[in-house]
Amino acid sequence: MKRKKILQLLLAENPIKDVLVKGWVRTRRDSKDFSFLEVNDGSCLKNLQVVVDSSLDNYSEITKLSTGSAIVINGDLIPSKGAGQKWEVLARNIEIVGLAPESYPLQKKRHTDEFLRTIAHLRPRTNKYGAVFRIRSELSYAIHKFFRDRGFKYIHSPIITGSDCEGAGELFKVTTLSLENPPKKEGKVDYSQDFFGSLANLTVSGQLAAEMLALALGDVYTFGPTFRAENSHTSRHVAEFWMVEPEMAFCDLEGNMDLAEDIIKHLTAYIVDECTDDLELFAKFVDKDLMSTLDLVASSVPVRLPYTNALEILKKSGKKFEYDIDFGKDLQTEHERYLVEHHFKKPVIIFNYPKNIKPFYMRLNDDDRTVAAMDVLMPKVGEIIGGSQREERLGVLEKRIHDLSLPKEEYWWYLDSRRYGSVEHSGFGLGFERLLMLMTGINNIRDVIPFPRTPNNIEY
RNA sequence: UCCCCAGUAGCUCAGUUGGCAGAGCAAGUGGCUGUUAACCACUGGGUCCGCGGUUCGAGUCCGUGCUGGGGAGCCA
C-alpha cells in the first residue's frame, strides 16, 4: 500500500478505506476505551487526528506514546465525530517506529524563539518553524517560476571567487594553506602556493558573473548563497544568506525598477494564494498586521523617489535625526523608516544616489555627481533590494576604477564586456531571507534560515 | 566594532531592606472524559551563568569574564 501524505487526506472528498500514514505524534489524549493521537508529517500545518481503540494488540504501548515519537498508521479515513476536524483516521494497526523519551525538549506549549534557536535541529518540528520552512520552499519555487515565465535563464555564478571585485563587504578567505605555518614571501603569506595559485574568497555577490551571462543570454538570474564576513549583530544580517540577482541586457534603471516592483508583487500574491494555512499561523501568533502589510505590498504602487528629493522631505520633516542629512551622505535606517513608515506609508524606491557612496560599476548620471542606483525599501524589513543600471561605457568605467584606486588588471575580463558589443544593462540583488521576513512577519533573520550562520556561532 | 538590557527547575518567570530556593507550564504516577495546547490529584526536579571581592551571612551589593537579546554601523 502506498503511503498517503496528511495534506492529501485532509483534502479528501469521500471516506477512504485502507490508508497508510507515517508521521510524528504531536500530542496524545487518552480516553477510557481509546486514545486520540495528533499526527503531523510535515506535508502541511494541520495535524491528522488518529483514533486508536483499546482493542489494538499494542494499545498499552500506544498509551505511552510521547510527543515527538514516529509512528506508522494503518486504518480508514472516516468523518470525524468530534467538532475540531472534518476527517480522522480510525486505526487498525499502529507500528511504533521511533520513540521520543521524556527528555524530548519540545513541549506542547509555545517556546521562545531564543530557546528554539538553541535547538535548531529540532525546531522544524514545531508548527511555526515547519510553516517557515514550507514557505521558504514555496517562495524558492515561485522565484524560479517568475523568471521562467518571463524568459529569464537561470545561471550559476561561482561560489569561490578570485578577487574582491564586488566590493560588497568583508570576505571569507578560502585556502588550503597551513594556517599554523603558511608559506611566506617578503613577510607576507604567499598565496601563489595556495590551491588556486592566488588568494580566493567566498562570493559576496554573483553580479559580475551575471553581467557576463546577461550580455550573452539577454535576461538571466542567479539564486544562490552569498557570504559576508561582517561582524554584524542585528536581526537583519547573517554571514551566509541567499540572494536573487537578475541581470538584464538592453535595460535601463527604469526597466530595472519595473522588474523589482513586479517581482515583489508577484511573489507576495503567490504566497498569499498558495500558503494560506501557514500564513494564518503567522498572522495569528507572529504579526497581527501581516495580512494588511502583504495586501499593501501586493496592491500598492511603490513611490519612486530620487535621492535628492528624499533629502528634501527629510529636511522639511522637522524631525530630529541622529544622523545628518546632506548630499553625499547615505540614508540611515532612521531616515528610511521615516520615509516608508511615516511619510509615504508604503514601499519606496529611492534612486540616483551620490556616486561617492556607491560602487564603481554603477552608471554615472549626466550630472556627474549621482549614479543610476536604486534601493527598494519595505515596511518593517527595510532595504530588501539594491540594484543599479551598470556602467556600460568603457572610458567612464575605467576612469571610475582609476579614481577609486581599484586594481584595474583584475577587471580585465569585466572591462572586455564593455570593449566588445557593450550595451546598457541593469540588475539588482534581492535578499531572499529578507523577503521571507516580509512574507512571514518574522522579525529576526535567524528564524527564517534552518541553520543560521552568525559571528561566533557555527554549531550544526 | 559601539550603546543598552538580561542570565534562578526541562521551558517561561517571580524572588521584598542582604537572612531557610518559589510559582505556572512541562515531565512522572494515578484518576476521569469523543478528546481538541483536554481536565483533576499527587510526586520528583536547582552548579541561582563562571571567576574574584565586600559581609557574621550574597540569587540579591561591587569588579571581571562568558552567553543571549534589542538598537546602531556595514548591507541583502
Side-chain angles (χ1 to χ4, degrees), chain A residues 26-38 46-53 63-64 66-68 78-85 88 90 100-119 126-127 166-170 204-207 223 225-245 260 285 321-323 329-337 357-359 375-378 381-387 428-438 443-449 454-457 459:
Chain A
R26 282 293 173 79
T27 74
R28 193 195 77 238
R29 294 181 291 270
D30 298 327
S31 288
K32 196 182 187 86
D33 297 322
F34 43 86
S35 275
F36 297 100
L37 299 174
E38 293 273 343
K46 289 201 175 86
N47 299 324
L48 176 70
Q49 173 160 290
V50 177
V51 185
V52 190
D53 194 86
T63 56
K64 291 198 188 83
S66 48
T67 303
I78 57 168
S80 177
K81 291 179 200 166
Q85 56 285 314
E88 65 189 19
L90 181 61
E102 62 275 7
S103 57
Y104 187 61
L106 293 173
Q107 302 170 359
K108 289 181 279 188
K109 64 170 201 172
R110 290 185 72 183
H111 289 289
T112 59
D113 294 324
E114 290 78 14
F115 171 66
L116 290 170
R117 267 173 229 149
T118 68
I119 47 167
T126 63
N127 286 337
E166 299 89 346
E170 292 296 311
V204 292
S205 161
Q207 181 201 315
F223 180 20
T226 49
F227 309 87
R228 308 266 167 100
E230 300 288 346
N231 189 17
S232 295
H233 295 266
T234 82
S235 53
R236 303 185 309 283
H237 293 87
V238 273
E240 177 182 311
F241 63 98
W242 282 58
M243 194 151 60
V244 181
E245 294 179 281
F285 296 115
F321 293 107
E322 196 182 328
Y323 288 86
K329 287 191 174 137
D330 207 355
L331 296 180
Q332 303 299 323
T333 300
E334 55 175 347
H335 306 134
E336 297 178 348
R337 289 191 74 127
I357 55 169
K358 291 293 180 187
D375 284 355
V376 180
L377 311 178
M378 283 288 151
V381 293
E383 185 177 340
I384 200 166
I385 283 177
F428 60 78
L430 164 62
F432 182 59
E433 281 80 8
R434 289 192 182 169
L435 186 62
L436 261 173
M437 291 166 74
L438 180 69
N443 52 28
N444 195 313
I445 197 166
R446 298 175 187 96
D447 296 334
V448 296
I449 305 176
T454 50
N456 242 326
N457 182 6
E459 193 76 53

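Not measured: the values here are computed from a predicted model. Note that these values count all heavy atoms, side chains included, but never hydrogens, waters or copies made by symmetry. So you know, we letter chains A, B, ... as the sequences are listed, proteins then strands, and number each from 1.
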Original post:
Between B/C5 and B/C42, how far is it from one C1' atom to the other, in whole Å?
Top reply: 40 Å
**OP:** Counting heavy atoms from C-beta on, name the nucleotide in B/C74, B/A38, B/G34 closest to the side chain of A/Ser232.
**Re:** B/C74
**OP:** Return the 5'-most residue of the pair A/Thr112, A/Ala83 with respect to RNA chain B, ranking by each residue's nearest nucleotide.
**Re:** A/Thr112
Original post:
Atom CG of A/Leu116 and atom C1' of B/A26: how far apart are they, to the nearest Å?
Top reply: 14 Å
**OP:** Return the value, rounded to whole Å, for the distance between atom NZ of A/Lys108 and atom P of B/A27.
**Re:** 5 Å
Original post:
Between A/His111 and A/Phe115, what is the ring plane arrangement, given parallel below 30°, perpendicular above 60°, and tilted in between?
Top reply: tilted
Original post:
Has A/Phe241 got its ring stacked on the base of B/A76, with centres under 5.5 Å and planes less than 30° apart?
Top reply: yes
**OP:** Report yes or no: is there a donor-acceptor pair, N or O only, under 3.5 Å between the side chain of A/Arg434 and the base of B/C75?
**Re:** yes
Subject >> Nearest-Å distance for atom pair CD1/P, residues A/Ile357 and B/C74 >> reply: 9 Å
Original post:
Taking atom C1' in both B/A26 and B/C62, what distance in whole Å separates the two?
Top reply: 37 Å
Original post:
Is the closest side-chain donor-acceptor distance between A/Ser205 and A/Glu245 under 3.5 Å?
Top reply: yes
Subject >> Rounded distance in Å - CD (A/Gln107) to P (B/A38) >> reply: 13 Å
